[in-house]
**Student:** 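Take a look at the following structure, please.
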Amino acid sequence: MDYFLNENQQIIRDLARRIADERVMPVRAELDEKGEFPWDIMRTIAQSDMMAINIPTEYGGLGMGGFEFILAVEELSRACLGVSTTFAANALGTYPILLYGSEKQKKKYLPDIASGKRLVAFALTEATAGSDAAGVQTTAKLEGNEYVLNGTKQWITNGGEAEIYTVIAMTDKNRGARGASAFVVEKDTPGFSFGKKEDKLGIRASSTRELVFENCRIPKENLIARQGMGFIVAMKTLDKSRTGVGAQGVGVAQGAFDASALYAKERHQFGTPVISFQAVQHMLANMATEIEAARSLVYSVSRYVDGGAKDVSKESAMAKLFATDVAMKVTVDAVQVMGGSGYMKEYPVEKMMRDAKILQIYEGTNQIQRNVIGQSLIKETAKKK
Ligand code: COS
């Protein structure tokens with residue numbers, strides 16, 4: 001289907017596609033096997049200005065929107081979700097600064113983020129917080145001109161590799177969601193260290209670590225927005241980023257479909273290519289239809305967000321939910337279409353199936369997405385009365 005991309009959008013999509021084909025595909029199996037962080041690829045992405053896509057021009061960016069960004073995410077995801085997770089989590093960590101940072105913070109951090117000189121990570125999740133975003137136990141106590149952070153963050157994408165961390169911590173534990181605040185913490189700050197790198201089922205090229213804060217002192221000016229606004233910063237960040245996870249779903253599903261359709265044309269059984277059997281054709285037809293539906297939703301929500309819509313919680317949750325459920329189903333079906341070969345590491349689809357599972361879990365489980373959509377429906381229904 002033609003989504004009538006403008007010239008800049010086509011350039012970004014083609015550039016990301018070339019990097020995916022030439023730089024990511026040849027090494028994805030090895031990165032997966034070794035669980036190796038894709039530094040070389042990240043440098044290529046940075047040199048191609050892809051980390052600058054949605055950063056305003058006054059801070060060294062290209063000044064484009066989230067839609068242009070998700071086109072790049074989709075293409076990288078077609079090749080490897082581990083690589084695209086690293087790229088997308090960088091944008092996730094940047095949103096608190098982009099959306100709520102002071103002019104001083106934007107000037108200090110965004111140019112280095114746009115050039116890819118410094119990677120970013122977003123730190124909300126903890127042992128007792130994740131789906132329960134207000135359940136954060138890490139504290140930030142104001143002492144003179146510094147905040148003192150104590151606590152442990154869990155499962156942080158880009159942990160250890162990133163140099164800039166946007167962290168949600170409680171400045172007033174008695175106020176629940178309204179007692180949370182957002183901060184920038186730089187790597188190498190005394191009192192800030194990393195736990196072990198997690199050994200994961202999929203997206204193994206990406207890095208996932210614990211962040212440990214032990215009397216970690218940061219300047220008072222590292223507070224993002226106002227004290228007590230941390231929950232809103234986190235929610236608005238996730239509202240922005242969830243179309244990116246949707247685009248990851250579209251990309252990995254497309255990658256799995258392409259591999260399985262090609263294989264079905266080449267593999268012969270009963271003297272004929274397996275694609276000539278209606279049972280296989282129907283599976284491929286469903287997969288192709290679901291991918292196009294997911295892409296249409298993700299693109300239109302992303303354009304809606306860029307268009308300046310104020311409250312996008314419901315729509316971005318819908319895009320994430322639908323596209324990532326499609327990704328899981330399509331990658332499982334791709335393995336089935338390819339049969340024994342689909343199960344073997346010689347082909348890419350078993351990795352895609354392992355990788356796709358995380359999309360239904362991170363940046364809000366798909367159960368949480370349904371809660372977000374449900375809450376919006378309740379509000380809308382009350383308004384219509
Ligand atoms: N934008 C702006 N404000 C929002 C908001 C949003 N998207 N979502 C909630 N709020 C506001 C609410 O309006 C409420 O404000 P008031 O106290 O003034 O009424 C406040 O924030 C608390 O909201 P609520 O009571 O709905 O909070 P809950 O603790 O029930 O949390 C969900 C709601 C489930 C939506 C939230 O916890 C969530 O999104 N969790 C998943 C987080 C996630 O994605 N984690 C993955 C790890 S981070 S990569």
Side-chain angles (χ1 to χ4, degrees), residues 73 81 84-96 99-100 120-138 151-159 162 165-170 172-183 198 200 203 206-211 224-226 228-246 248-249 301 304-305 309-321 324 357-380 382-383:
V73 171
L81 267 193
S84 83
T85 293
T86 306
F87 177 64
N90 190 61
L92 170 72
T94 307
Y95 277 127
L99 298 175
Y100 290 98
V120 197
F122 178 66
L124 169 67
T125 302
E126 299 182 6
T128 57
S131 293
D132 179 7
V136 166
Q137 296 297 315
T138 294
T152 302
K153 294 287 173 185
Q154 184 170 274
W155 304 325
I156 304 306
T157 306
N158 289 348
Y165 294 80
T166 45
V167 178
I168 308 297
M170 300 307 282
D172 187 348
K173 275 199 165 176
N174 300 320
R175 299 194 68 207
R178 285 160 194 236
S181 301
F183 300 92
E198 301 290 349
K200 307 190 291 288
I203 57 162
S206 72
S207 163
T208 312
R209 279 185 202 264
E210 256 181 11
L211 314 184
I224 301 174
R226 290 192 309 279
M229 269 189 73
F231 188 78
I232 299 295
V233 172
M235 289 299 110
K236 290 287 184 196
T237 289
L238 292 164
D239 283 350
K240 274 270 184 188
S241 71
R242 281 176 182 153
T243 47
V245 186
Q248 287 193 288
V301 171
Y304 176 66
V305 174
K310 261 194 144 174
D311 182 359
V312 298
S313 300
K314 181 182 78 178
E315 292 75 13
S316 56
M318 284 174 164
K320 194 267 185 189
L321 167 66
T324 61
K357 187 63 209 167
I358 193 62
L359 301 176
Q360 295 178 308
I361 298 170
Y362 69 17
E363 290 192 39
T365 64
N366 282 6
Q367 286 70 27
I368 286 288
Q369 307 308 320
R370 290 181 176 90
N371 286 0
V372 171
I373 297 163
Q375 286 303 315
S376 296
L377 294 178
I378 292 169
K379 275 191 214 155
E380 283 170 16
K383 267 189 224 152

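Note that ligands are numbered from 1 as they come in the structure, with each ligand's atoms numbered from 1 the same way.
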**Student:** Within the 4.0 Å heavy-atom shell around S313, which atoms of ligand 1 are there?
**Tutor:** 6 (C), 7 (N)
**Student:** Is there a donor-acceptor pair closer than 3.5 Å between any side-chain N or O of T324 and the backbone N or O of G249?
**Tutor:**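 Checking the backbone N and O of G249 against the side chain of T324, no donor-acceptor pair under 3.5 Å is found.
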**Student:** Considering F231, Y362, F122, which one's heavy-atom position lies nearest to atom 10 (N) of ligand 1?
**Tutor:**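 Ranked by closest heavy atom to atom 10 (N) of ligand 1, first place is F231.
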**Student:** Is it the case that the side chain of S316 and the backbone of K240 share a donor-acceptor pair, with hydrogens and angles ignored and the cut-off at 3.5 Å?
**Tutor:**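 No; zero donor-acceptor contacts below 3.5 Å.
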**Student:** Tell me, which protein residue and heavy-atom name are nearest atom 38 (C) of ligand 1, and how many Å apart are they?
**Tutor:** M235 CE, 3.7 Å
**Student:** Output, in order, the C-alpha distance, side-chain angles, deciding distance and verdict of side chain to side chain contact (heavy atoms under 4.5 Å, CB included) for V301 and V312.
**Tutor:** CA-CA 8 Å; V301 171; V312 298; 5.9 Å; no
**Student:** What is the closest protein heavy atom to atom 2 (C) of ligand 1, and at what distance does it sit?
**Tutor:**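 Atom 2 (C) of ligand 1 sits closest to the protein heavy atom K236 CE, 3.7 Å.
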**Student:** Tell me which one of G374, S316, S131 gets a heavy atom nearest to atom 40 (N) of ligand 1.
**Tutor:** S131
**Student:** Going from CG on N366 to CG on L359, what distance comes out if it is rounded to the nearest 0.5 angstrom?
**Tutor:**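 The CG atom of L359 is 8.5 Å from CG of N366, to the nearest 0.5 Å.
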**Student:** Can you confirm whether T157 sits close enough to T86 that some side-chain heavy atom of one is under 4.5 Å from a side-chain heavy atom of the other?
**Tutor:**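 No, too far: nothing below the 4.5 Å cut-off.
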**Student:** Take atom CZ in R370; do more than 12 heavy atoms of anything else shown fall under 6.0 Å from it?
**Tutor:**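 Yes, because the 6.0 Å sphere around CZ of R370 holds more than 12 heavy atoms from other groups.
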**Student:** Which option, I168, I156, L92, I232, owns the non-hydrogen atom nearest atom 11 (C) of ligand 1?
**Tutor:**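 Among I168, I156, L92, I232, the closest heavy atom to atom 11 (C) of ligand 1 comes from I232.
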**Student:** Protein heavy atoms near atom 48 (S) of ligand 1, is at least one of them under 4.0 angstrom away?
**Tutor:**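 Within 4.0 Å of atom 48 (S) of ligand 1, protein heavy atoms are found.
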**Student:** Given side chain to side chain contact (heavy atoms under 4.5 Å, CB included), test L92 with E363 step by step and report yes or no.
**Tutor:** CA-CA 9 Å; L92 170 72; E363 290 192 39; 3.6 Å; yes
**Student:** Could you give the distance from CZ (F122) to CG (N158), rounded to the nearest 0.5 Å?
**Tutor:**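 Rounded to the nearest 0.5 Å, the CZ-CG separation comes to 13.0 Å.
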**Student:** By number and element, which atoms of ligand 1 are closer than 4.0 Å to a non-hydrogen atom of I368?
**Tutor:** 34 (C), 40 (N), 41 (C)
**Student:** Quick check on atom 7 (N) of ligand 1 - does any protein heavy atom sit closer than 4.0 Å to it?
**Tutor:** yes
**Student:** Kindly confirm or rule out an N or O of T125 lying under 3.5 angstrom from an N or O of ligand 1.
**Tutor:** no
**Student:** Under 4.0 Å from atom 33 (C) of ligand 1, do we find at least one protein heavy atom?
**Tutor:**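 Neighbour list for atom 33 (C) of ligand 1 is empty of protein heavy atoms (cut-off 4.0 Å).
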**Student:** Given G130, A180, A123, G176, identify the one with the heavy atom nearest to atom 45 (N) of ligand 1.
**Tutor:** G130
**Student:** Does the protein place a non-hydrogen atom closer than 4.0 angstrom to atom 13 (O) of ligand 1?
**Tutor:**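 No.
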**Student:** Measuring to protein heavy atoms, does anything land under 4.0 Å from atom 30 (O) of ligand 1?
**Tutor:** no
**Student:** Please examine the side chains of K314 and L377, heavy atoms only from C-beta on, and report whether any two atoms are closer than 4.5 Å.
**Tutor:** yes
**Student:** Have E210 and T152 got a donor and an acceptor in their side chains that come within less than 3.5 Å?
**Tutor:** no
**Student:** Please classify the Q375 to ligand 1 contact at 4.0 Å (heavy-atom distances, strictly less than): side chain, backbone, both or neither.
**Tutor:** neither
**Student:** Within the structure, is a non-hydrogen atom of D239 found at a distance of less than 4.0 Å from ligand 1?
**Tutor:** yes
**Student:** Check each heavy atom of A133 against ligand 1 and say whether those closer than 4.0 Å belong to the side chain, the backbone, both or neither.
**Tutor:** both
**Student:** Between R242, R178, E363, flag the one that comes closest to atom 15 (O) of ligand 1 by a heavy atom.
**Tutor:** R178
**Student:** Report yes if some heavy atom in the side chain of E315 is under 4.5 Å from a heavy atom in the side chain of S376; otherwise report no.
**Tutor:**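 With C-beta onward as the side chain, the pair stays apart.
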**Student:** For atom 46 (C) of ligand 1, find the nearest protein heavy atom and state the residue, atom name and distance (0.1 Å precision).
**Tutor:** G364 N, 3.3 Å
**Student:** Less than 4.0 Å between atom 24 (P) of ligand 1 and some protein heavy atom, yes or no?
**Tutor:** no
**Student:** Can you see which heavy atom on V136 is nearest to which on M170, and at what distance?
**Tutor:** O-CG, 3.1 Å
**Student:** Report yes or no: does K153 contribute a side-chain atom to a donor-acceptor pair with the main-chain N or O of G159 at less than 3.5 Å?
**Tutor:** no
**Student:** Determine whether a donor-acceptor pair (N or O, by modelled atom type, separation under 3.5 Å) exists between the side chain of Q248 and the backbone of V73.
**Tutor:** no
**Student:** Out of all atoms in ligand 1, which are within 4.0 Å of some heavy atom of V372? Include the element for each.
**Tutor:**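 Contacts of ligand 1 toward V372, numbered from 1: 35 (C).
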**Student:** Hey, which atoms in ligand 1 end up nearer than 4.0 Å to a heavy atom of L124?
**Tutor:** 48 (S)
**Student:** Is it the side chain (CB and beyond), the backbone, both or neither of K310 that lies under 4.0 Å from ligand 1, heavy atoms counted?
**Tutor:**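 Neither; no heavy atom under 4.0 Å.
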